[in-house]
Every structure is written in structure tokens, then in C-alpha cells.
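Input: a single structure, listed below in C-alpha cells.
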Amino acid sequence: MAEATYAKGLEGVVAAESEICRIDGEQGKLFYLGYSIEDLARFSDFEETTYLLLYGRLPNKEEKERFSKRMRVSRDLAPEILEMVRNFPKDAHPMELLQSVISYLSGYIQHKIQHSATCNCRDTLHQVVQLASVVTAWQRFQEDKEYVPPRRDLSHGANFLYMMRGEEPDEFEGRVMDTCLVLHAEHGFNASTFTARVVASTMSTCYSSISAAIGSLYGSLHGGANEKAMAMVEAIGSKDKAAEWVNNALDSKQKIMGMGHRVYKAKDPRSIIMEEFLVQLSKRKNNTLSYDILKEVEKTFRERMEEKGKPIYPNVDFFSGAVYDLLGIPKILFTPIFAVSRVAGWLAHILEQRRDNRLYRPKSLYVGSEAREWLPLEKR
Ligand SMILES: CC(C)(COP(=O)(O)OP(=O)(O)OC[C@H]1O[C@@H](n2cnc3c(N)ncnc32)[C@H](O)[C@@H]1OP(=O)(O)O)[C@@H](O)C(=O)NCCC(=O)NCCS
């Protein structure tokens, strides 16, 4: 066996072969199953992208209709789950709720509806679809409003806005929301996807894998940068204060949220699409405040980085928070929305892991003490 090497955080370690996602960090390119993110954003929708991720190819017309229908009939929450959402501690984070609901769904769907302990992940799509319904129901209960049952004639993104607002969004906003879900659906071997695959490698159910992945995404180093980017916009307040704010932050060694990426050394292609959405939404809503601030932040940040010879660009989170904000989505839902979308990618990786499974079992480098003499209690 080859000499074991140690890489903190597994940086640079190849942990598996995968056909799902290709990221070209140098050129700023992203592909799901060979399809560019630009084409997916322009021509596809979240349901079709989910099909692509789960089946490895685009559906034909009939398959697409059948699959969309299957996703749409799974949207409504069972009374038991609705009660769980209603009774969840008010101060808990919706990511904690999502984790709990997925575990509940496992018991509810697999044992009550499927009557089976084995998990056939592509049969029921509740674990993918219902995260959106749970997030919107949670938000409405927070506002002391009633649950809005889903509509089957709307896309996944438009239905999300409908269930959150209680009013149908216009076509453009529905399309923006749905495309945001497409943009976040998959991104290779990030921490939450790796978590999902590790759990899948034990041959546990997809529900256990997804619940673990949600826990992984909850951490501030993974999900959450767009929430912080939006908080930054609010803290800055106006375009003329942005340059000073960024300079002060960099002088005190703070990170500017939404800037830079471990993999992309060029512009994150998703940020280009997000920026276009932000420009269009700002115009339609006659409110360019966030966009103006963000552009000033970007300009100052990039000037400072270029002085140091470090070209660093916006990532997807830089503009997405402001997009969600203009869609009327509160900041606390930004990370849960990430889960609503990424669950499609997690499931694709769980299925791929199962196809050629080998239990993940890396080693650690022992740096503890040498063998020690046992001391009886009275001598310690
Ligand atoms: C994502 C991130 C962790 C990648 O970090 P990384 O792999 O160290 O990035 P790089 O190697 O390109 O960084 C090079 C230098 O630029 C700095 N840098 C990178 N992103 C920065 C940012 N957003 N703000 C300030 N400085 C930054 C790094 O600290 C490093 O400085 P150093 O050479 O003096 O140590 C980092 O860019 C970051 O924290 N960004 C903000 C959080 C964020 O938006 N996360 C969402 C990612 S999708």
C-alpha cells in the first residue's frame, strides 16, 4: 500500500470518482453532467435539473412532464409534519427544523407509506420537494400567518414564493427564484455533499444522508455567506460609505463576505448570472440601493487585492443575498433555501455512491501520548 499522506481538511485529496459535476476553477466554468451552468440557467428549470442530476441525462418531453408531476404531488405537507413545524421551538433555526423533518419523513414515508425499511430514493421525492414547503410554512408561522397549500401549476421556485407570500409571484420573479435553485443545486465535493456520501457509504437511508448533509450545511463556513453579505450591505447603508467600510474591514483583517473562492480563481460563473438578476430586479423594483453598494464594495475590494497581486472575484453569494432580499425573503431563510436546492445534488451523489460503494474509512495521524501507566483513583 502507498505511503499515507496527510492533508489538513483533505485539501487536494481525491476522495472518489464522480460523473456529476465538473468545475474548472481557472476558467470559471461549471457543468452538471456536462451541461454548462449558463445553459441550465437559461433553458432548464429546477425540476428538469433535478431529473438530470438523479438520472444522469435530460428527460424527453413525456419523462419531464411525468417527473414534474411526481414532484408537484409531493409538495403538500402531511398534517403531522405541519404540526411539527408549528410546534417546533420558536427560537430554533429553520435548519434544525429541516434536519428534524427529514428524519421524521424517513419514519413517515418509508415505514408508513412504502412499508419498507429499504430506501428507494427515486420513488418518493418528498425528501427533495418538501424542504421548500417546510421552509415557507415555518416562515408563515413565525409571522402568525396560516399555511398556504402548494399549487401544482407553478414551478418549484414560483411555488416557493407563492407558499411564502400567499400570493402568486409574477412570471419574472418566479423564474428568478427557480433559476436560483438551479444555480445552487450542485457543486461537487463540498463539505455537505461529502457528508451525504460518507453516510450513504454505510448503506444508511437517503434520509439519514440528507439530514447529516443539512447539519453540515448549517455551519457558518459552508452555508451562510450570502446572509452575511446582505448583513454587510445593511451595515454599510449607502454607496458613499462603502469604500471606507471595506478599507476599514480589510485593515482590521476581516474577510469580505461573498468574495473569493477555494476553487474558482476566475469569476464564479454563477455570480455573473446572479448579478444580471440583481440588475433586472433592482430596475423593476426601482430600488438599486443594494446593487450600488455591492458594486462599490467589489470595486474597492478588487483594487485593494490587486495592489497585493491577488485578483479575487465575487462568488455566488455576493449578489444572491440581495436578490433574495428584493424577492422579499428574510435573511434567516437564505441558508435553508440553499438546502432546498442542494438536496437535489446530495441525492445525486448518494445514488452515485451506492452504485459503486466502498465504505469511507480514512485514517488519522496519531499525535497523542505514548503508552501511559494506569494510576489508581487515589493516586491521581
Ligand atoms: C472562500 C475563501 C474561504 C477562500 O479562501 P482561500 O482559499 O484562502 O482563498 P485564496 O487562497 O484565494 O486567498 C488568497 C488571499 O486572499 C485573501 N482573501 C480571500 N478572500 C478574501 C475575502 N473575502 N476577504 C478578504 N481577504 C480575502 C486570503 O485571506 C488570502 O490572504 P493571504 O494570502 O494574506 O493569507 C475566502 O475567499 C473567504 O473567506 N471568502 C469569504 C467567505 C465567502 O464568501 N464564502 C463563500 C464561498 S462560496
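Counting starts at 1 for both ligands and their atoms, in listed order. Basis for what follows: all heavy atoms, side chains included, without hydrogens, waters or symmetry-related copies.
Put simply, the side chain of E83 does not reach to within 4.5 Å of the side chain of P79, judged on heavy atoms.
Neither the backbone nor the side chain of V316 has a heavy atom within less than 4.0 Å of ligand 1. Of the heavy atoms in F318, none comes closer than 4.0 Å to ligand 1.
Note on ring orientation: taking the six-membered ring where Trp is involved, the planes of H93 and Y218 are tilted (angle from 30° to 60°). Ring geometry, F277 versus F172: the interplanar angle exceeds 60°, so the pair is classed perpendicular (tilted spans 30 to 60°). By the 30° and 60° cut-offs, the orientation of the rings of F338 relative to H222 is perpendicular.
Salt-bridge formation is detected for the pair E298/K295: a Lys NZ or Arg NE/NH1/NH2 atom is positioned less than 4.0 Å from an Asp or Glu carboxylate oxygen. Ion pairing between a basic and an acidic side chain is recognised when a charged N comes within 4.0 Å of a carboxylate O; K265 and D24 show no such pairing. Using a 4.0 Å cut-off between charged side-chain N and carboxylate O, D170 and R284 make a salt bridge. A salt bridge links E65 to K61: one of the charged nitrogens lies within less than 4.0 Å of a carboxylate oxygen. Ion pairing between a basic and an acidic side chain is recognised when a charged N comes within 4.0 Å of a carboxylate O; R380 and E373 show no such pairing.
Closer than 4.0 Å to atom 35 (O) of ligand 1 lies none of the heavy atoms of the protein. Distance remark: protein heavy atom present below 4.0 angstrom from atom 43 (C) of ligand 1. In this structure, atom 4 (C) of ligand 1 is in close contact with the protein, since a protein heavy atom lies within 4.0 Å of it.
Counting protein heavy atoms only, atom 24 (N) of ligand 1 is closest to I256 N, 2.9 Å. Closest to atom 29 (O) of ligand 1 among all protein heavy atoms lies K255 CE, 3.3 Å. The nearest heavy-atom contact from the protein to atom 6 (P) of ligand 1 is R262 NE, 3.9 Å. Nearest protein heavy-atom neighbour of atom 48 (S) of ligand 1: H261 CD2, 3.5 Å. When only non-hydrogen protein atoms are considered, atom 17 (C) of ligand 1 lies nearest to I312 CD1, 4.0 Å. The closest protein non-hydrogen atom to atom 45 (N) of ligand 1 is A225 CB, 3.6 Å. In terms of protein heavy-atom proximity, atom 47 (C) of ligand 1 is closest to N315 ND2, 3.6 Å. Scanning the protein heavy atoms around atom 20 (N) of ligand 1, the nearest turns out to be M259 O, 3.8 Å.
Within the 6.0 Å centre-distance limit, the rings of H349 and F189 are counted as a close aromatic pair. Between H187 and Y264, a ring centre-to-centre spacing shorter than 6.0 Å is recorded.
At under 3.5 Å, not a single nitrogen or oxygen of M257, backbone or side chain, sits near a nitrogen or oxygen of ligand 1.
Atoms of ligand 1 lying under 4.0 Å from any heavy atom of L250, numbered from 1 in the order shown and given with element: 25 (C). Here is the list of ligand 1 atoms found below 4.0 Å of a heavy atom in M305: 26 (N). Each of the atoms 43 (C), 44 (O) of ligand 1 lies under 4.0 Å from some heavy atom of G258. Which parts of ligand 1 touch D317 is read off a 4.0 Å heavy-atom cut-off, strictly below it: atoms 46 (C), 48 (S). Atoms of ligand 1 found under 4.0 Å from any heavy atom of K310, numbered from 1 in the order shown, are 15 (C), 16 (O), 31 (O), 32 (P), 33 (O), 34 (O). Of all atoms in ligand 1, numbered sequentially from 1 with element shown, those under 4.0 Å from a heavy atom of K265 are 12 (O).
Residue E143 places its CD atom among more than 12 non-hydrogen atoms of other residues, nucleotides or ligands, all under 6.0 Å distant.
Between K228 and ligand 1 there is no heavy-atom distance shorter than 4.0 Å. Ligand 1 lies nowhere less than 4.0 angstrom from a heavy atom belonging to D268.
Sequence neighbours left out, the pairs with a member in residues 318-332 that pass side chain to side chain donor-acceptor pair (under 3.5 Å) are N226-S320, E234-K331.
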